[in-house]
There are 2 protein chains.
Amino acid sequence: MVVPVQKDRKHTTSLSSSLARRIEQLILDGTLKSGKPMPSERQLSERLGVSRNILREALKELRGRGVIDTQHGRGSIVKGLVPNLEQGSALTHLFREHPRTLYDLLEVRELLEGRAAYLAADRGTEEDFHRITHAFEAMEQAGQESTDPLKAAKLDHAFHQTISEASHNPVLVHTLQSLMELMLNSVLASVNNLYHREASKKKIDRHHRQIYNAVMSRQADWAQKAATAHIRNVRERLLEIEQEEQRLDRSSDWERLLQ
Amino acid sequence: MVVPVQKDRKHTTSLSSSLARRIEQLILDGTLKSGKPMPSERQLSERLGVSRNILREALKELRGRGVIDTQHGRGSIVKGLVPNLEQGSALTHLFREHPRTLYDLLEVRELLEGRAAYLAADRGTEEDFHRITHAFEAMEQAGQESTDPLKAAKLDHAFHQTISEASHNPVLVHTLQSLMELMLNSVLASVNNLYHREASKKKIDRHHRQIYNAVMSRQADWAQKAATAHIRNVRERLLEIEQEEQRLDRSSDWERLLQ
DNA sequence: TAATTTGAAGTGGTAGTACCAGTTCAAAAG
DNA sequence: CTTTTGAACTGGTACTACCACTTCAAATTA
């Protein structure tokens, strides 16, 4: 009697499903950037070596999970692997009601940004570095031309994000992004204060240059130190501003009492 | 000039998606009974008046949502319409399909746990310390009495959580908790492996004692080092286990070839 | 007869082609 | 310079042919 061949797997994980995973992997690797458009179905199917039908089934799976967004005639864009984690719930409320937690957030961010910069210097690819350079130059240029604080904040955010993405750690990227969204959505105003002060702005620019140079020259330890110092500086500046505002509040209280 | 017909909707809800809904409706109506097999793809595509490709895309959507279960050569059966809302399905999926990201998570957790331990030793109150002691003793006691890995993992988690709470940084607490939930919900199995190995368990216990002693004696730097080393050890152990399993897989491949 | 083997017919899975339907953008027409 | 047009993208749908797996009854064998 012939011994029956051991049945390998119950679910031979249909090609389309494994394709979906391969594409997710491409997003993890950074080959497909979130927010950027994907190659067309015909290109993808050819590059991945599968028929367009099966490629479409894989995309359907990703689309159903919210990983990509597709529009007829235009194409598909990557929306990110983690559509909506715990956004809007507990932390957002906490943040709005207790602005002091901003400093707790910056305490965490200091850790994560430092690590991200370290890993970016260590693992970043040439393509990552191009992106970082692009973001950095856009930030510097805008800093000299315009004085729009909102634009500056966005470019600042973009710069830090490209660095975190160069770390190739999706958990790190996602965690940092969540924290940044919290900051930008709830306490943008106070952050903007930083850009109104020439001294603060100079220091921030200097820190950014240090981070940039350290990462680009692959000096991981230096990059980590620079990024950590940067965030710590931001936190201390915000604390100073808060104290000033409190002094102003007190003086206005006095004025009110004297009326 | 001819007035163009007003375009109805931006998203004309692609035929495949509306097909998925029609099929769900058939399940609701009772035409397709849950638990029973569905008609073959060829029959369905003809009866619903669509091509088999597009019918397959619709099925893919249902399959991805867990509404139906499909097996090659047999057919598809209806599993019911219960959404089965396991929380965090997005990141949870990411971990199930891309186990490597577990190490990315542990990389972040190493940072955060280290900082949490540092801050706990630095800022923890007497009440915090009582809680930590309580959790620590419960963990040690259970470690000697029972061998239930699930219980051990929960007590382990509880211990780390009391420490993070003693940091008095709500952002840190919340971020760590999110990451832990991810681990417990998606890769609990592999984590449990650690508790099955006597050597690993001994080392984990030793690390826990070090963390505990450092925090209780308010030696912040020591606490941070111990916590960091602890998580790093967990990551390395998991890597070893993974490599062992790969070796086992390879050997079973050999056996299959030799038959 | 009873156990085994075989193979046709069913199933889902994959590939390829052709065509339809929106979108874009630059060249051509006004 | 503004408007119109249309080629060249994009995704959406259809159809066909074939492959891989499963089932099960008929044919073969012991």
Would you give a per-nucleotide map of nucleotides 6-15 of chain D, 5' to 3', where B means the base has a protein non-hydrogen atom under 4.0 Å away, S means only the sugar-phosphate does, and - means neither? ----BBBBBB
Check this for me, if you would: do E46(A) and R42(A) make a salt bridge, where the nitrogen-to-carboxylate-oxygen distance has to be below 4.0 angstrom? no
Residues D128(A) and T125(A): side-chain donor-acceptor under 3.5 angstrom: yes
Go through the side-chain N and O atoms of Y118(A) and S167(A) and say whether any donor and acceptor fall under 3.5 Å apart. no
Residue list, salt bridge (Lys or Arg N to Asp or Glu O under 4.0 Å) with E61(B), at least two apart or on another chain: K60(A), R65(B)
Does a salt bridge link K36(A) with E165(A), judged by any charged N lying under 4.0 Å from a carboxylate O? no
